[in-house]
Amino acid sequence: AERDRELRPPEEKPLVSIVIPSRNRCNLLPRAVRSVLNQTYRNIEVIIVDDASTDGTPRAIRELSEQDQRVRGLRNDQPLGGGAARNVGIQAARGKYIAFLDDDDEWLPRKLERQVPLANDYSVVGCPGVVAEGYRLAGVRMTNKNRLKLADDGSPRTTVITLNDYCYHTRFCPSVILAKAASLRRIGGYDETLVASQGRDLLLRMAKTFGPMIAVEEPLVLHYVTHGKHRITDSPAHLEGGWREFQKNGPDMPTGARRLRKCALCLKEYKRAKGGKERIAWFFRALACVSPLSPLRFARVFAIQLLVSR
């Protein structure tokens, strides 16, 4: 029996499709794609969705696909936005699992190796990300809390995240998640009617429909925030999208989580307001959202909204 097992061919690992939406970032895109092609998990396809770029992005995609046959490009005739571009990739994906990567982010080599073994049993697999400048980690202190934690058998430790957990204090950006392709298609992918907060909405629907998520307790994604390009997270559209997402999902959230989410949005309005009276009004609206809760929670949300850049 032992000899038979040795002669048996190894089981083929499931194909993972990586969807990378991109618009006018031909100088950043190759770095993101290289980080995917350098994964220790090799059975992958890379789908770059060009959202009607007007720079050298089409040429960059062509060169990347010529260098590696696992890369292919799709193009939107007019700009549709990140969520819609990801949906194009979801529909075109051939893999059992789909992962996403923003064109200005980068994966560490074992990202898929760590996540794929968990993907069949949970709605979404995530991981921590860290802010980076070049290849130097910055903005995050690598303490015992966010270093790789190993279980007794040597495998990475994980944290199960329920819908309730996600509503309160978990945040996954697109670059960290992996999920079943069939599940993403069943819920209709990203909600293209939302101007922003599409990722939060997607994960809430995934957890609500398919059950708990899980996170590998190892930073596996680098976020680059100093390249000077326009970011929707810095724009009024992001705040507008946040309110629309709150109106959509707020009624289904636990009371405490709903109060904290509204508090966070009010503090973003406070941060954006120009006049002193307007700022004071938004501050007290935010405070009213969490007054029945712990003041420490308000202080935490206040610090996050005012001090965290991303």
Side-chain angles (χ1 to χ4, degrees), residues 10-23 25-50 56-74 85-86 89-90 92-119 124-140 142 146-148 150 154-156 158 172-179 181 215-227 229:
E11 184 178 352
E12 185 177 355
K13 294 182 179 180
L15 178 66
V16 178
S17 300
I18 297 90
V19 176
I20 305 177
S22 187
R23 174 169 168 79
R25 283 179 172 170
C26 62
N27 59 323
L28 300 175
L29 178 62
R31 180 185 65 195
V33 174
R34 283 195 298 269
S35 77
V36 176
L37 298 177
N38 289 333
Q39 291 292 297
T40 55
Y41 188 98
R42 306 301 295 170
N43 193 19
I44 61 174
E45 67 166 354
V46 183
I47 304 171
I48 307 171
V49 183
D50 178 4
T57 297
R59 179 180 177 181
I61 295 173
R62 186 167 59 252
E63 292 176 350
L64 289 165
S65 62
E66 290 172 352
Q67 295 167 11
D68 195 308
Q69 63 181 2
R70 294 175 296 173
V71 179
R72 59 189 171 110
L74 304 173
R86 292 186 186 97
I90 290 172
R94 301 165 183 157
K96 179 179 181 180
Y97 303 117
I98 295 177
F100 302 97
L101 178 60
D102 288 349
D103 59 6
D104 58 343
D105 289 340
E106 184 178 7
W107 285 354
L108 297 182
R110 291 190 174 182
K111 198 255 188 192
L112 293 180
E113 177 188 326
R114 300 295 196 198
Q115 290 184 315
V116 170
L118 303 168
V124 174
V125 184
C127 66
V130 293
V131 177
E133 294 176 356
Y135 283 91
R136 180 175 63 84
L137 298 184
V140 173
M142 299 299 289
N146 55 15
R147 282 182 183 155
L148 171 61
L150 298 179
S155 61
T158 56
F172 286 153
C173 71
S175 293
V176 309
I177 67 173
L178 174 83
V216 180
E217 295 186 23
E218 178 181 5
L220 295 167
V221 177
L222 300 181
H223 301 296
Y224 292 83
V225 296
T226 59
H227 48 69
K229 296 290 185 180

Asker: Look at the side chain of Arg70 and the backbone N and O of Arg42, then say whether any donor-acceptor pair between them is shorter than 3.5 Å.
Answerer: yes

Asker: Between Ser35 and Glu106, what is the shortest heavy-atom contact and its length?
Answerer: CB-CG, 3.4 Å

Asker: With a cut-off of 6.0 Å (strictly less than), are more than 12 heavy atoms of other residues, nucleotides or ligands near CD of Glu66?
Answerer: yes

Asker: Taking all non-hydrogen atoms of both residues into account, name the closest pair between Tyr41 and Asn43 and its distance.
Answerer: CE2-O, 3.5 Å

Asker: Does a side-chain heavy-atom distance below 4.5 Å link Gln39 with Glu113?
Answerer: no

Asker: Using a 4.5 Å cut-off on heavy atoms from C-beta on, say whether the side chain of Trp107 contacts that of Ile18.
Answerer: yes

Asker: Of the options Leu74, Leu101, Leu64, Val36, which is the one that meets Ile48 in a side chain to side chain contact (heavy atoms under 4.5 Å, CB included)?
Answerer: Leu64

Asker: With sequence neighbours left out, what residues match Arg72 under side-chain hydrogen bond (donor to acceptor under 3.5 Å, both in side chains)?
Answerer: Glu45

Asker: Begin with the C-alpha distance, continue with both residues' side-chain angles, and end with the deciding distance and a verdict on side chain to side chain contact (heavy atoms under 4.5 Å, CB included) for Asp103 and Ile20.
Answerer: CA-CA 6 Å; Asp103 59 6; Ile20 305 177; 4.1 Å; yes

Asker: Let me confirm one number: the CZ-CG distance from Arg114 to Leu112, rounded to the nearest 0.5 Å.
Answerer: 12.0 Å

Asker: Could you tell me which non-hydrogen atom of Val46 sits nearest to which non-hydrogen atom of Leu37, and how far apart they are?
Answerer: CG2-CD2, 4.1 Å

Asker: Looking at every non-hydrogen atom in both residues, tell me the closest pair between Gly95 and Ser17 and how far apart they are.
Answerer: N-OG, 2.8 Å

Asker: If you compare all heavy atoms of Cys26 against all heavy atoms of Gly56, which two are closest, and at what distance to 0.1 Å?
Answerer: CB-C, 3.5 Å

Asker: Please examine the side chains of Gln115 and Cys127, heavy atoms only from C-beta on, and report whether any two atoms are closer than 4.5 Å.
Answerer: yes

Asker: Hey, are the side chains of Leu220 and Val176 touching, using non-hydrogen atoms and a 4.5 Å cut-off?
Answerer: no

Asker: Any idea which heavy atoms bring Ala119 and Tyr97 closest together, and the distance?
Answerer: CB-CE2, 3.5 Å

Asker: Return the CG to CG distance between Leu29 and Asp50, rounded to the nearest 0.5 Å.
Answerer: 8.5 Å

Asker: Looking at Arg34, is its backbone amide N or carbonyl O close enough to the side chain of Asn38 to form a donor-acceptor pair, meaning the two atoms are under 3.5 Å apart?
Answerer: yes

Asker: Can you tell me if Asp105 uses its side chain to pair, donor with acceptor, with the backbone of Ser175 under 3.5 Å?
Answerer: no

Asker: Between Asp102 and Arg86, does any NZ, NE, NH1 or NH2 come within less than 4.0 Å of an OD or OE carboxylate oxygen?
Answerer: yes

Asker: Would you mind reporting whether Phe100 and Ile90 have side-chain heavy atoms less than 4.5 Å apart?
Answerer: yes

